[in-house]
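Input: a single structure, listed below in structure tokens.
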Amino acid sequence: MKFGYFDDERKEYVITTPQTPWPWINYLGSEAFFGLISNTGGGYCFYRDARLRRITRYRYNNIPIDNGGRYFYVYDNGDFWTPGWMPVKRDLAFYECRHGLGYTQITGERGGVRVTALAFVPLGTNAEVHQVKVKNTSGGPKSIRLFSFIEFCLWNAYDDMTNFQRNLSTGEVEVKGSVIYHKTEYRERRNHYAFYSVNAEIAGFDTDRESFLGLYNGLDHPKAVAAGQATNSIASGWMPIASHQLNIDLQPGEEKTFIFVLGYIENPEEEKWEAPGVINKTRAESMIARFADDARVEAALKDLAAYWDGLLSKYSVQTGEEKLNRMVNIWNPYQCMVTFNMSRSASYFESGIGRGMGFRDSNQDLLGFVHQIPERARERIIDIASTQFEDGSAYHQYQPLTKKGNHEIGSGFNDDPLWLILGTVAYIKETGDFGILDEQVPFDNNPDNTATLFEHLKRSFYHVVHNLGPHGLPLIGRADWNDCLNLNCFSKEPDESFQTTQNIEGRVAESVFIAGLFCYVGPDFAELCRRRGLHEEAAEAEAHIEKMRQAVLEHGYDGDWFLRAYDHFGQKIGSKENEEGQIFIEPQGMCVMAGIGVKEGLALKALDSVKERLETAHGIVLQNPAYSKYYLNLGEISSYPPGYKENAGIFCHNNPWVMIAETVIGRGDRAFALYRKIAPAYREDISHIHRMEPYVYSQMIAGKDAVRHGEAKNSWLTGTAAWNYVAITQAILGVKPDFDGLKIDPCIPSDWEAYTVTRQFRGDTYRIRVKNPNRVCKGVASITVDGKPVEGQVIPVAGDGGVHDVEVVLG
Ligand code: GLC
Ligand code: GLC
């Protein structure tokens, strides 16, 4: 069952009922000011940091769900309702929500009044603009009252939800004309305030929640709206809100537009006050003036659309598959931008007060984003590398506001260092900017202790080499990519965090996955050495990689698939010898991506085992059989009920590793079949089962052992976005940035006849037409650029800023 449809022309997903199986959200904002908005107008906004600078309040895990956001109430002669359905839930004659790139437009109609509320964050602006159109669709004249509503958060979202003995006394506001100012704590150490304005004369306002709602009323029945009259309340302590009342007269067919601005302002210390106790509003007033009329709002919307057109034009594809086109051309890159911006901080599953930026997460998020705005990727790489320790290990997370490593979680996740090599290499291959390797970058954010970025990568590489276990495989430490495989933890206490509790330094538990990752990223590190003239170092690195390959072949293969690990006692994990958890997805994907066992036929066998043991109709589960009980020696992985999350859920992040692995052995049909199983657009028809948004990936789809197999969770913020983007654009469609140009190496379904990729690369545009006359999956017979044949598979960089026609014939 579907709850809407894709409008590819407008790059929108159009939701046709407010009662989606879960709130389906969108993100507003591209740089510093961000909002989350659901299909009923729920959600919140913040400036830079969802924990420390929360502008509006949001209650996670609320009853009912998703209760709170930007609401517009219509009071029409005794009746009142909300166009997004929530929170009043009065029946609507028409409802529609259009989630577009950086904006959301919600329309509702009832009793001959149609309201369309559009929300977006204009480029370069720290505000949400709400453009609200009110139209009389009835046969007679209408006199209605429109009430806006938002609830302010007292800035620090954690404090806001916990420290009531203080914060129920701190709330302060000012009202001037049609603008409501939120200035809690401005009298003391804050030099920022928020405001909510409307470009029309108001008939009243409320700023005190209790006066507006009534102490025991919910948002579905605000006292002031029910009465059709605001109370002009001024909040003092308690809970500050902003609500405007507009009295609107409309002739039949007439429409009026109102522009609300929900803005954030910082004032320099010496310009805080206009008079004692009265905030200086100059900056707010000039921001409001920038969106004073429709023409200016339309212009800002056009700029936003042009911004996205520019980003999306970096890579686009035309194939015979409509769903594939919309994933690659619109929604997958859009999600990649959002994950790059948010990391794992703020979604409908991440509260915005939890973890900071993950070392491994952020490096992987880069992979799907780097071609959009390489300069921002560059900055991110330096930030991440700055949290590395001298021995090459790394803080597992860092805080975006301070950019410092997070001491609470510390380090010890032994895969972390390698992702830095992967992220940096992706950036260099995209841009050709080898100069980044010469940047001086601190260790542990200490400006007095720096080394080149190249040196950081070297320490990453050697952190693995220096931490090998009894089988010559990498020690796992706290965990590798799978945060929940905690082999040195042995946690017995219910409130301990698996990620931070003890990590027994046994130097026995080893990870075959890290070995695969090492062999996957290692050759690029060796290549960087060579390009810096360090031939001996390159050879040395290659020798370590070769040794690792041998160790995997000797001790990391279980007959029909790659082993997952050795535990604290040296026992096999992910082996036929185990009762549960006999085969894991991660090493099958990563080891084959690294080419291990390909020529020996072991890779093929491993991928066939994946098909046989792990694949389901909804994607590939993480391991099988699921753990049915808690294993002290395995940790969090066995804490989840069977089929959920890391315990045999379909963890969408590593499904693309298997897709890429399939392209390594040339099985394009398989690779694409796997792609289609989890790509959200392909799952749209089963939205009633999938439940999450059909336009973005979710972290997890419940696996075959789960009660609710096929049901997704944790949508939006997941490395799944980046890796699927890499799998489809680079491995399957086969247009892959390389050090010296674009490498063309498709691996597609054999029944594809032809397709075209348009790729901007280092300032040039390549129109790449791929033809498949012999219906093969893989193998390039010839390439011409502007009619001239090219040797090999790499299109050299033209460097003339021009448009180049590339003809690729497979065979
Ligand atoms: C979460 C984490 C990621 C980890 C994955 C598997 O997505 O953000 O770092 O690799 O879970 O445990
Ligand atoms: C839990 C989750 C895992 C995530 C981790 C982050 O272990 O299951 O997905 O990576 O928390 O700290």
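Being a predicted model, the structure only gives us computed values, none of them experimental. Each ligand, and each atom within it, is numbered from 1 in the order the structure gives.
Taking a heavy-atom cut-off of under 4.0 Å, ligand 2 is surrounded by R355, D483, C484, Q499, E636, Y640, K645, E646, F651, Q699.
No salt bridge links K576 with D558; every basic N to acidic carboxylate O contact stays at or beyond 4.0 Å. Ion pairing between D524 and K429 holds under the 4.0 Å rule for side-chain N and carboxylate O.
Looking at residues two or more places apart in sequence or on another chain, you find a salt bridge (charged side-chain N to carboxylate O under 4.0 Å, His left out) between R53 and E266. Evaluation of the ring-ring contact (aromatic ring centres under 6.0 Å, His included) rule for Y462 yields H466, H544 as partners, not counting sequence neighbours.
Listed by first and then second residue, the side-chain hydrogen bond (donor to acceptor under 3.5 Å, both in side chains) pairs involving residues 507-522 are N467-R507, H471-E510, D480-S511 (not counting sequence neighbours).
In this structure, Y557 and F562 have perpendicular ring planes: the angle between them is above 60°, well past the 30° mark.
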